[in-house]
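I have a structure I would like to understand better, so I am pasting it below and will then ask my questions one at a time.
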2 protein chains.
Amino acid sequence: MSEVNLPIASFSPLYEQIKAMILASLQAGEWLPGEVIPSEMELAARYAVSQGTVRKAIDELAAQNLLVRRQGKGTFVATHQEDDWQYRFLRLAPDSGEKFHLISQFLACEQTKATDYVANLLKLKAGDPVIYIDRVQTFAGQPVVFEEIWLPGSRFKGLDLNTLNDWHGPVYALYESQYATHMVRAEEKIKAVSADEGLANHLQVIIGAPLLSVERVAFTYGNKPVEIRHARYDTSEQHYENRLN
Amino acid sequence: MSEVNLPIASFSPLYEQIKAMILASLQAGEWLPGEVIPSEMELAARYAVSQGTVRKAIDELAAQNLLVRRQGKGTFVATHQEDDWQYRFLRLAPDSGEKFHLISQFLACEQTKATDYVANLLKLKAGDPVIYIDRVQTFAGQPVVFEEIWLPGSRFKGLDLNTLNDWHGPVYALYESQYATHMVRAEEKIKAVSADEGLANHLQVIIGAPLLSVERVAFTYGNKPVEIRHARYDTSEQHYENRLN
DNA sequence: TAGTGGTCTAGACCACGGG
DNA sequence: CCGTGGTCTAGACCACTAC
């Protein structure tokens with residue numbers, strides 16, 4: 001048998017390396033959500049490559065919604081605090097086509113310990129400190145969403161019911177401004193379930209009514225899971241929208 | 001008041017025009033699903049632009065899954081007949097994580113007339129000829145999906161139950177090979193519903209069991225809607241997966 | 001007017017696939 | 001070996017924003 005060439009990492013283009021370095025800066029907080037990053041020329045100089053190579057790196061990060069390009073102004077770090085990003089991860093919409101404005105009422109925010117299920121998804125150890133939150137969201141006076149949230153206690157120290165109730169705006173914007181945690185991506189698993197007594201009360205439907213169960217895991221930079229959300233939607237007057245490409 | 005410059009189409013980059021021309025060729029059937037399109041150099045010559053401009057056009061079409069690039073081989077027209085594309089639009093997956101293999105049993109394939117609902121979504125006139133199909137799909141012997149499909153009669157002339165039952169493979173592959181119709185994109189609206197008697201029979205669940213209702217409209221080139229699909233999933237042992245970016 | 005991102009070009013060289 | 005797509009560069013010019 002002849003010798004075989006076994007490249008471990010079989011070729012990494014320059015722009016991938018630039019991408020990785022920009023990502024590292026984002027993760028390290030060198031440029032915060034909403035801020036401008038250096039211009040393409042500056043980055044090209046910093047990394048000693050051509051502008052075209054930086055462009056390609058930025059293009060891909062922008063395609064993943066990590067950066068936002070604005071012609072004439074610069075390239076910005078994506079943020080959930082912008083108006084048009086407020087509902088970036090919300091796929092629920094009214095059947096009527098109206099504009100959707102949900103009002104949030106937080107019910108609880110407690111320190112607990114991670115169950116196996118939660119620990120597994122958040123990559124913690126069972127028993128690690130975890131924050132549990134739940135809330136109801138209403139649209140036009142009707143309760144539409146009941147949501148339970150689990151957060152790693154270490155990252156979200158001090159989060160309590162008062163903080164949540166004083167906050168007006170999306171929860172992801174709060175995570176960003178108070179806990180330096182920007183959500184980049186999420187995965188959802190959806191099922192149809194029947195309302196039990198508790199859900200029936202929260203959503204003002206009859207026991208046994210069909211509800212949409214949406215389990216979400218949300219990730220920050222570096223594919224780090226930092227939030228679990230288990231929502232139940234009353235879909236009698238609204239639906240979950242999805243686009244397949 | 002001074003004169004104002006009012007550009008109707010406010011600037012269209014060259015690569016957008018190239019994109020439009022490539023799209024026109026795809027729509028016209030100049031290159032069929034699965035075939036190679038001309039090389040970047042050839043296209044650059046044909047359109048009298050540089051290779052880089054053609055590249056950018058192709059890059060965007062590939063990002064939309066209309067074309068597939070294969071280094072060393074060429075650029076191909078996307079097709080639902082490739083193995084890895086068989087389930088491109090299927091978001092249902094077993095909770096267990098097993099590989100999913102659905103077996104399809106067609107129940108009906110009939111000529112009917114478009115209701116207002118169907119006509120509206122397919123951009124037909126009410127009463128236009130429409131083909132109605134329904135089927136049950138099973139996984140490991142258990143019925144999991146009940147699906148109703150509506151197609152415009154004009155485009156799918158001659159489609160009948162025998163054709164469907166003789167066909168082994170995804171329906172979208174059949175549309176492609178027999179009716180020159182490639183599906184490019186789809187939109188789904190999802191709700192939770194209760195099983196009525198008919199659904200309970202098809203899916204072997206009790207009446208009132210919660211089911212996932214998935215209404216899909218699928219589009220060919222040029223944003224033309226050509227299929228409506230209303231599926232009901234039994235999500236007791238499987239779930240609908242979605243990724244948010 | 002200066003600075004940013006956006007487009008377009010031409011040319012060199014690399015990686016991959018298949019004869 | 002050649003042809004394909006993939007990477008990288010350098011430079012010109014355009015479009016948008018803000019001062």
Side-chain angles (χ1 to χ4, degrees), chain A residues 4-22 25-26 31 34-79 82 84, chain B residues 4-22 25-26 31 34-79 82 84:
Chain A
V4 177
N5 211 336
L6 255 188
I8 301 291
S10 68
F11 176 64
S12 174
L14 246 187
Y15 73 84
E16 288 287 358
Q17 302 174 37
I18 307 297
K19 247 175 81 173
M21 286 190 277
I22 293 176
S25 291
L26 289 171
W31 312 305
E35 291 181 0
V36 213
I37 71 169
S39 74
E40 295 179 350
M41 287 308 237
E42 284 179 82
L43 290 173
R46 170 190 309 199
Y47 301 127
V49 298
S50 75
Q51 189 199 9
T53 301
V54 172
R55 268 193 87 66
K56 175 132 186 168
I58 292 179
D59 277 346
E60 299 207 347
L61 294 171
Q64 293 166 63
N65 289 322
L66 293 173
L67 296 176
V68 177
R69 320 191 78 140
R70 291 192 195 125
Q71 183 174 148
K73 300 176 78 171
T75 301
F76 297 75
V77 182
T79 173
E82 294 288 318
D84 41 319
Chain B
V4 178
N5 213 335
L6 258 188
I8 300 292
S10 67
F11 177 62
S12 174
L14 246 187
Y15 73 84
E16 288 287 358
Q17 302 173 36
I18 307 296
K19 248 176 81 173
M21 285 191 277
I22 294 175
S25 292
L26 290 171
W31 313 306
E35 292 181 358
V36 212
I37 71 170
S39 75
E40 295 179 350
M41 286 309 235
E42 285 178 81
L43 290 173
R46 172 193 304 201
Y47 301 127
V49 298
S50 77
Q51 190 199 8
T53 300
V54 171
R55 268 192 88 67
K56 175 132 189 171
I58 292 179
D59 277 346
E60 299 208 347
L61 293 170
Q64 295 167 60
N65 289 322
L66 293 173
L67 296 176
V68 177
R69 294 174 159 284
R70 289 192 196 126
Q71 184 173 145
K73 301 176 78 172
T75 300
F76 297 75
V77 182
T79 173
E82 295 287 319
D84 42 319

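Convention: sequence-line order gives letters A, B, ...; per-chain numbering from 1.
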Q: Rounded to the nearest angstrom, tell me the gap between atom CE in B/M41 and atom P in C/dA12.
A: 11 Å
Q. Rounding to a whole Å, what distance do you find between A/D59:CG and D/dT7:P?
A. 13 Å
Q. More than 12 non-hydrogen atoms from neighbouring residues, nucleotides or ligands closer than 6.0 Å to CE on B/M41, yes or no?
A. no
Q. Between D/dC16 atom P and A/R69 atom CZ, what is the distance in whole Å?
A. 16 Å
Q) Would you call B/D59 and B/R69 a side-chain contact if the rule is heavy atoms closer than 4.5 Å? A) yes
(Q) Between A/E16 and A/K56, does the salt bridge (Lys or Arg N to Asp or Glu O under 4.0 Å) criterion hold? Intermediate values first, please. (A) CA-CA 9 Å; A/E16 288 287 358; A/K56 175 132 186 168; over 6 Å; no
(Q) For the residue pair B/R70 and B/F76, would you count it as a cation-pi contact if the rule is NZ or CZ under 6.0 angstrom from the ring centre and within 45 degrees of the ring axis? (A) yes
Q: May I have the distance from B/E60 (atom CD) to C/dG6 (atom C1'), rounded to whole angstrom?
A: 12 Å
Q.
Could you walk me through whether A/L43 and A/I58 satisfy the side chain to side chain contact (heavy atoms under 4.5 Å, CB included) test, starting with their C-alpha distance in whole Å, then the side-chain angles of each, then the deciding distance to 0.1 Å, before giving a yes or no?
A. CA-CA 10 Å; A/L43 290 173; A/I58 292 179; 4.1 Å; yes
Q: Can you figure out which of C/dT9, D/dG5, D/dC8 approaches the side chain of A/L14 most closely?
A: D/dC8
Q) If only side-chain N and O atoms of A/K73 are considered, is one of them under 4.0 Å from the OP1 or OP2 phosphate oxygen of D/dC16? A) no
Q) Is A/S39 near enough to C/dT4 that one of its side-chain N or O atoms lies under 4.0 angstrom from OP1 or OP2? A) yes
Q: Would you indicate what B/R70 reaches in the nucleic acid, counting non-hydrogen atoms under 4.0 angstrom: base, sugar-phosphate, or nothing?
A: sugar-phosphate
Q | Residue closer to the 5' end of DNA chain D, A/Q71 versus A/T53 (nearest nucleotide) | A | A/T53
Q. Can you tell me how far P of C/dC8 sits from NZ of A/K56, to the nearest Å?
A. 17 Å
Q) Hey, can you pull the residues of residues 43-52 of chain B with a non-hydrogen atom under 4.0 angstrom from DNA chain D? A) none
(Q) Side-chain N or O of B/Y15 versus OP1/OP2 of C/dT7: is the shortest distance under 4.0 Å? (A) yes
Q: May I have the distance from B/E40 (atom CD) to C/dC16 (atom C1'), rounded to whole angstrom?
A: 14 Å
(Q) Closer than 3.5 angstrom, by distance alone: can the side chain of B/Q17 be matched with the main-chain N or O of B/S12 as a donor-acceptor pair? (A) yes
Q) Given atom CD of B/E42 and atom P of D/dG3, what is their separation to the nearest angstrom? A) 11 Å
Q: Would you indicate, yes or no, if D/dG6 has its OP1 or OP2 atom less than 4.0 angstrom from a side-chain nitrogen or oxygen of B/R55?
A: yes
**Q.** Rounded distance (Å) that lies between atom C1' of D/dA18 and atom CZ of A/F76
**A.** 12 Å
Q) Is the closest side-chain heavy-atom distance between A/Y47 and A/L14 below 4.5 Å? A) no
